[in-house]
Each structure stands twice: as structure tokens, then as C-alpha cells.
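Inspection log for the structure reproduced underneath, given as C-alpha cells.
Just so you know, ligand 1 is whichever comes first in the structure, and atom 1 is the first atom listed for that ligand. These figures come from a predicted structure and were not determined experimentally.
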Amino acid sequence: MTILYFTSTGNCLQLAKKIGGIQLSIPQMIKENKYHFEDDAIGLIFPVYGFGLPKIVKRFLEKASFKAQYTFAVGTYGNTPGAVMFNLHKFAVKRGITFDYMNELLTVDNYLPVFDVNDQIARLPEKKTAENIEKIVSDIHNRKTNLPKASVSLKVLTAFIQSMSGVFSSGKAAQKFIVNEKCKHCGICTNVCPVSNINIADKVVFSDRCESCFGCVHHCPANAIHLRNEKSTARYRNAEVTLKEIQNANCQNGLAKRI
Ligand SMILES: Cc1cc2nc3c(=O)[nH]c(=O)nc-3n(C[C@H](O)[C@H](O)[C@H](O)COP(=O)(O)O)c2cc1C
Ligand code: SF4
Ligand code: SF4
């Protein structure tokens with residue numbers, strides 16, 4: 001089994017590791033120009049962004065082809081996924097990819113403008129994340145099928161949210177982050193960035209390719225990067241995923257294999 005995943009704070013990688021098989025990071029596949037995959041089973045795991053796919057995942061799927069007896073996709077989300085799986089199904093079919101099993105996993109929401117990290121972690125039992133991970137893993141191992149449905153109102157709401165998120169996803173989001181004097185110039189923010197959007201020569205400088213994943217914000221060991229409108233100063237990394245794994249998944253500057 002091959003799993004293609006994108007992760008910023010580890011929720012998607014946690015699920016990918018639980019399912020097993022070979023886990024391949026989408027940012028690394030894009031960097032290596034690898035878009036064709038063959039295996040008995042192939043899966044896609046991604047975080048829901050603005051009721052839709054992260055831009056990097058969409059760019060990958062626009063070129064990807066899968067040859068497998070069983071294909072699946074799971075979106076992890078923290079609050080409301082909208083009609084993301086329904087829309088992904090439609091988009092994938094147009095691209096010649098037919099998913100047999102699609103599902104969503106409710107877990108910690110890492111979207112700092114709206115959610116407090118400690119509150120999100122405390123709510124994990126209520127979200128039944130551990131139980132739902134077990135169910136999704138069992139479904140996939142038993143080659144279950146499941147296709148998404150969405151009501152008309154959910155599709156309309158999703159289209160509205162997506163049109164709004166288009167306005168804010170210009171790639172310049174990180175340029176509004178504040179990097180304070182606690183910065184130790186350690187370079188970890190550059191290593192966790194999936195699109196090589198950060199340069200730390202004299203000071204931390206953000207370019208205009210930002211995916212708004214907040215990886216640099218959550219993983220900075222000095223807690224030196226802040227959003228103007230963040231709901232918590234606490235930061236998040238999934239408890240079952242290490243910083244090294246995140247760096248290996250996302251690092252674009254050639255350091256990943258040495259970390
Ligand atoms: C830019 C951004 C947008 C997000 N949009 C949504 C959303 O529309 N709905 C939702 O439920 N969660 C949303 N989230 C939360 C993530 O989908 C969720 O925390 C996910 O599990 C993170 O996965 P990761 O830890 O693998 O990066 C968003 C997070 C970010 C950073
Ligand atoms: S990760 Fe934090 S401390 Fe390290 S260079 Fe980036 S901003 Fe500075
Ligand atoms: S600059 Fe930060 S928020 Fe933007 S893509 Fe890179 S790691 Fe993610």
C-alpha cells in the first residue's frame with residue numbers, strides 16, 4: 001500500500017502511519033517530479049483548508065495518476081469539512097481517479113486565527129478522534145467502499161467559503177506574520193515549509209508562495225512567529241509525530257535527509 005499525504009502539524013501523518021504501508025509526502029513528490037504511482041492500494045490523506053483541498057494537494061492531483069485495485073482518500077479537519085470530499089470525488093473523476101473509499105477525520109483544529117490549541121487538545125475525547133482513527137484504519141484494511149454525499153445547502157455554503165478563501169490565499173499570508181526577538185535563527189521554519197517560502201539570511205523573510213499551513217508558526221522552537229489575530233500563543237504538533245518527521249515530509253532545501 002502507498003499513501004500520499006500532506007501534513008503541517010502531523011494529524012495527517014499520524015493517520016497515514018496508523019494505516020501503514022509506504023508513506024510518501026506530497027511536497028517531496030512534487031519536488032522530485034513524481035506523479036505516477038502503482039500499488040495494490042493507494043491512498044491520499046490531506047488536511048481540509050477552507051472547506052477544500054490545500055493548494056499544494058490540488059496542484060499535485062492536477063498531474064497525478066494512480067494504478068491500483070483499491071484507492072481511498074481521507075481529509076482530516078478540526079471543525080467543519082464542508083463538501084470537501086464530495087467536491088474531491090468530482091474533481092478526481094474528471095482526472096481519471098476513482099476513489100473506492102472516502103472519509104473524514106475530526107481532530108485538532110490547527111487554524112490559529114479561530115481556535116485555541118489547548119482547548120482543541122482537551123476536546124479530542126469529545127471529538128472521538130482515537131475511535132474514528134481505528135474505524136478508518138479497519139475500513140481501509142477490509143477494503144470497504146464509501147462515497148461522499150452532500151446536501152444542496154452544504155454545496156452552496158462550500159462554494160461560498162471557497163470563493164472567500166480564494167481572496168485570502170494569494171500566497172502572501174506569511175508576510176503578515178510577526179517574528180519577534182526570540183528568534184534564534186535555527187532554520188527550523190525553513191525546514192518545515194512545504195514550498196520553500198522562508199529565507200533566514202539576516203532575518204526571517206517570507207516570500208509570496210505561502211500555503212497558509214502555519215507549519216512555521218506551530219513548529220518554531222522559540223515560539224517566535226505570531227499571527228496578528230491568533231487565538232492562542234500555544235502551539236501544536238500531533239503527539240504521535242516528531243519534528244524530524246515533519247521536516248523530512250516538507251523540507252525543500254535539501255537538508256531533510258541529513259536531519
Ligand atoms: C489554512 C487552514 C484552513 C483550515 N480550514 C479548515 C476548514 O475549513 N475546516 C476544518 O474543519 N478545519 C480546517 N482547518 C484545520 C485542519 O484541517 C486540521 O487541523 C487538520 O487536521 C490539520 O492537519 P495536519 O496536522 O496534518 O496539518 C484548517 C487549517 C488551516 C491551517
Ligand atoms: S524556527 Fe523560529 S527561531 Fe528558528 S529561525 Fe525560524 S523563527 Fe527563528
Ligand atoms: S511560510 Fe509558513 S505558513 Fe507559509 S507555507 Fe511556509 S510554513 Fe506554511
Side-chain angles (χ1 to χ4, degrees), residues 5-17 25-27 45-57 74-84 104-115 117 120-121 124 127 129 133 157-158 161-162 164-165 168-227 235-241 243 245-247 249-252:
Y5 71 92
F6 172 54
T7 193
S8 166
T9 53
N11 294 339
C12 293
L13 182 52
Q14 176 199 25
L15 179 62
K17 292 199 297 180
S25 143
I26 288 173
I45 303 184
F46 63 91
V48 177
Y49 284 0
F51 286 21
L53 297 175
K55 289 183 292 181
I56 194 168
V57 174
V74 183
T76 77
Y77 71 103
N79 189 47
T80 317
V84 61
E104 294 153 345
L105 175 69
L106 177 60
T107 177
V108 167
D109 203 310
N110 64 5
Y111 190 67
L112 287 170
V114 179
F115 297 100
V117 164
Q120 284 294 303
I121 294 170
L124 274 171
K127 293 188 183 198
T129 306
I133 288 176
L157 177 66
T158 300
I161 297 287
Q162 289 260 273
M164 296 296 288
S165 57
F168 300 108
S169 62
S170 67
K172 295 188 173 167
Q175 293 175 353
K176 296 199 175 125
F177 295 169
I178 297 158
V179 181
N180 68 25
E181 70 293 343
K182 289 187 188 156
C183 172
K184 302 179 288 191
H185 295 267
C186 66
I188 285 172
C189 52
T190 60
N191 292 345
V192 298
C193 180
V195 286
S196 199
N197 192 49
I198 308 172
N199 192 305
I200 57 157
D202 297 322
K203 56 177 190 160
V204 177
V205 176
F206 298 98
S207 190
D208 60 1
R209 292 184 296 276
C210 183
E211 294 277 324
S212 300
C213 75
F214 300 155
C216 53
V217 181
H218 282 290
H219 300 297
C220 169
N223 200 350
I225 311 181
H226 293 265
L227 277 66
R235 299 299 186 238
Y236 174 68
R237 183 180 317 124
N238 186 292
E240 296 183 24
V241 172
L243 176 59
E245 287 175 310
I246 302 280
Q247 291 181 103
N250 288 346
C251 186
Q252 298 290 299

Would you say ligand 1 has an N or O under 3.5 Å from any N or O of Thr76?
yes
Which residue from Pro194, Ser207, Cys213 reaches closest to atom 8 (Fe) of ligand 3 through any of its heavy atoms?
Cys213
Can you list the atoms of ligand 1 that are under 4.0 Å from a heavy atom of Gly78?
10 (C), 11 (O), 12 (N)
Counting from 1 in the order shown, the ligand 3 atoms closer than 4.0 Å to a non-hydrogen atom of Asn197 are 1 (S)
Nearest protein heavy atom with distance in Å, relative to atom 18 (C) of ligand 1:
Val108 O, 3.6 Å
Answer with side chain, backbone, both or neither: which part of Ile161 has a heavy atom less than 4.0 angstrom from an atom of ligand 1?
neither
Quick check on contacts: which atoms of ligand 2 are under 4.0 angstrom from a heavy atom of Pro221?
1 (S)
Tell me every residue that passes ring-ring contact (aromatic ring centres under 6.0 Å, His included) with Tyr111, counting only those two or more places apart in sequence or in another chain.
Phe214
Under the side chain to side chain donor-acceptor pair (under 3.5 Å) test, residues paired with Thr9 that sit two or more places apart
Asn110
Ligand 3 versus Asn250: contacting region, heavy-atom distance under 4.0 Å
neither
Do Ser212 and ligand 1 have an N or O pair less than 3.5 Å apart?
no
Hey, does Phe6 come in under 3.5 Å of ligand 1, counting only N/O atoms on both sides?
no
Would you mind running through ligand 3 and noting each atom that sits below 4.0 Å from a heavy atom of Phe214?
3 (S), 8 (Fe)
So that I can check it, does any N, O or S atom in Cys193 come closer than 2.8 Å to atom 6 (Fe) of ligand 3?
yes
Pick one of side chain, backbone, both or neither for how Cys216 approaches ligand 2, counting any non-hydrogen atom pair under 4.0 Å.
neither
Is ligand 1 less than 4.0 angstrom away from at least one heavy atom of Asp109?
yes
Any nitrogen or oxygen of Phe214 lying under 3.5 Å from a nitrogen or oxygen in ligand 1? Just yes or no.
no
In the protein, N/O/S atoms that are found under 2.8 Å from atom 8 (Fe) of ligand 2, waters not counted
Cys183 SG
The answer for which part of Cys210 has a heavy atom under 4.0 Å from ligand 3 is both
Taking it one step at a time, do Asn191 and Asn250 satisfy side-chain contact (heavy atoms from CB on, under 4.5 Å)?
CA-CA 7 Å; Asn191 292 345; Asn250 288 346; over 6 Å; no
From the list His219, His218, Glu245, side chain to side chain donor-acceptor pair (under 3.5 Å) partner of Arg237 resolves to His219
Salt bridge (charged side-chain N to carboxylate O under 4.0 Å, His left out) contacts touching residues 182-208 (sequence neighbours left out):
none
Give the atoms of ligand 1, by number and element, whose distance to some non-hydrogen atom of Thr9 is under 4.0 Å.
24 (P), 25 (O), 27 (O)
Indicate, as side chain, backbone, both or neither, the part of Thr107 found under 4.0 angstrom from ligand 1 when only non-hydrogen atoms are considered.
side chain
Any nitrogen or oxygen of Gly10, side chain or backbone, less than 3.5 Å from one on ligand 1?
yes
When you compare ligand 1 with Gly50, is there at least one nitrogen or oxygen pair between them that comes in under 3.5 angstrom?
yes
